[in-house]
Protein chains: 2
Amino acid sequence: MTKIDIISDAALKNGIRQFLETAPDIYMAGVSVDTVIFGFHHDKLKVLLLRFGNTPYFVLPGGYIKKEEDLDDAALRILQERTELQNIYLEQFYTSGNISRSNEKVAVELAFKMIGTIPNSNWFGQRFVSVCYYALVDDTKVNPVTEAFFTEVKWFDINKLPRVLYDHDNIIQKALKRLQADLDEKLAAFNLLGETFTMLELQKLYESVYQKKLVRTNFQRKMLSLGVLERLEKQYNGKSHKAPYLYRFAQTV
Amino acid sequence: MTKIDIISDAALKNGIRQFLETAPDIYMAGVSVDTVIFGFHHDKLKVLLLRFGNTPYFVLPGGYIKKEEDLDDAALRILQERTELQNIYLEQFYTSGNISRSNEKVAVELAFKMIGTIPNSNWFGQRFVSVCYYALVDDTKVNPVTEAFFTEVKWFDINKLPRVLYDHDNIIQKALKRLQADLDEKLAAFNLLGETFTMLELQKLYESVYQKKLVRTNFQRKMLSLGVLERLEKQYNGKSHKAPYLYRFAQTV
DNA sequence: ATCTATTGTATCAAAATGATACAATAATGC
DNA sequence: GCATTATTGTATCATTTTGATACAATAGAT
């Protein structure tokens, strides 16, 4: 569900002010977490992005690490805050730490402009090394939540991304590359689908991840040979052709 | 060459004192870099480790990131400081950031004991998130260099590692797993060998990385089919059997 | 009843992999 | 010298995997 959630200007400014006052006491300085949340709907691979304030720019869902919190726990917490999901498939794939993370200064200036004053905390101005995770979610179960400086939560087609801040475009591409590598090896695909699915849906998912067409009959043969699919009753979908079987992912049958 | 370099107690204490005085001004707090340096000799895969002070514990070569330095540049600098090599094959593979990075407190206590006093800087006591890289080097060209708190630089067989501090054992195993994945895909193996090598040497390298025996004839067929090996003159090695060819790695012939 | 689009399965060729055989070579021992 | 031994380079065959195509079954549209 491409739920869109817009918050008011006043609430936005207030949220930022509050964050800046408490952040240095709560979080590690210098290290952040960014997550590339993948979803799949309408046969397309999607990424969840946040609109940065009232600007036309988007960013990856991210956050900071509490001073007494494990890195992986931080990633999970940030993800849960944003999607309200439990049991999320999460993989760390890259850490971004170049000084010039593209247009970072633009972002900081925008942040300042948004709250209409120079904050006494220099939190955003400091250098961050960002540890990046990707997550695979069943988008039908996601309930996107906005917070602090973000005015909108939106799914974007991986091939139709908006303008993003920092080096987040680079991070998204690296996430996709890693997902491609993990899809077969870790049977990761099924985290992007619902409980049941047709073979065609599964194929469209693979095609959208690998960004290329696959041969239907050979794909079907390969998936069935994995031995992890349980075949359920046929799905009569009202289309004018043979009805497909439904499948369920059944690890270690 | 398993060069061993031992420095004096006085020089050691002095090095630590000096480091602690200047570190907070020079380096980012909270973020460190660790490198798993792989080498290959006597048909074994090796890892370069540093002896921590006068203790029996070893650690990975690591360091900190200068305030105005890119993350990748920091990894390269740390590696060059330790090996005096240029053009090193380097891959970032993991970032370790759990609060309880195993026996960290032991290490800190040891560090304090070594310099015989509580340092005014709490540098070592702070929490670090460590970005980990692995490097592939031709060990015949490495000139291991000791520094600061380390009293010895030594190559260890991947299967005969000493006791290591922090979570460095975990990091080494993760590095090996990643190397296994990269070996074929990125033709990474040749960075571990000298300019020329025999097919058997190459096979022993693959076997030591994958930790399993390979069938000689099929391995040879596969390597030759890659199209990246240039066959040179035979190597008369004085052994009582047919002399093998030498090969050179020739990318994009 | 026929047409159309899609699904499930079968089949054949081509490529990759696994297993084995064997001739060539270079020192060793007689 | 000459057979012996260990290793190397290549060939060959069977098996498995992959790519490409054919075709019957189905379910609604006409």
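Letters go in sequence order (proteins before strands), and every chain restarts at 1. These figures come from a predicted structure and were not determined experimentally.
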Between OH of A:Y245 and C1' of D:dT26 the distance, given in whole Å, is 11 Å
Phosphate OP1/OP2 of C:dT7: any A:R231 side-chain N/O under 4.0 Å: no
Whole Å only: how far is the CZ atom of B:F219 from the C1' atom of D:dT7? 16 Å
Tell me the interatomic distance from A:Q220, atom CD, to D:dT21, atom P, rounded to whole angstroms. 18 Å
If you check every side-chain atom of A:H241, which of C:dT7, D:dA11, D:dT21 has the closest atom? C:dT7
Quick one: is C:dA21 close enough that its OP1 or OP2 comes under 4.0 Å of any side-chain N or O from B:R216? no
In whole Å, what is the span from the CG atom of B:L246 to the P atom of D:dT7? 18 Å
Nearest-Å distance for atom pair NZ/P, residues A:K239 and C:dA5: 14 Å
Before accepting this row, confirm whether a basic side-chain N of the pair A:R178/A:E91 lies closer than 4.0 Å to the acidic partner's carboxylate O. no
Relative to A:Y57, does A:R163 satisfy both conditions: NZ or CZ under 6.0 angstrom from the six-membered ring centre, and within 45 degrees of the ring's axis? no
Touch check for B:T217, heavy atoms < 4.0 angstrom, all strands: base, sugar-phosphate only, or nothing? base
What integer distance in Å separates A:L226:CG from D:dT18:P? 10 Å
State which of C:dA19, C:dG8, C:dT9 makes the closest approach to the side chain of A:L224. C:dT9
What's the closest nucleotide to the A:S240 side chain, out of C:dG8, D:dG28, D:dA11? D:dG28
Using whole Å, report how far CG of B:L202 lies from C1' of D:dG9. 15 Å
Fit a plane to each ring of B:Y134 and B:Y89, take the angle between them on a 0 to 90° scale, and name the class: parallel (under 30°), tilted (30 to 60°) or perpendicular (over 60°). tilted
Of the candidate nucleotides D:dA20, C:dT9, D:dA25, which contains the atom at the shortest distance from the side chain of A:N218? D:dA20
Look at the side chain of B:K242 and decide which nucleotide, out of C:dG8, D:dG9, D:dT21, has an atom nearest to it. D:dG9
Among the nucleotides C:dT7, C:dG18, C:dT11, which one has an atom lying closest to any side-chain atom of B:R221? C:dG18
Can you tell me the distance, in whole Å, between the CD atom of B:Q203 and the P atom of D:dG9? 11 Å
Would you mind checking if B:K141 and B:E84 are paired as a salt bridge, meaning a charged N to carboxylate O distance below 4.0 Å? no
Is A:E195 salt-bridged to A:R248, cutoff N-O under 4.0 Å? yes
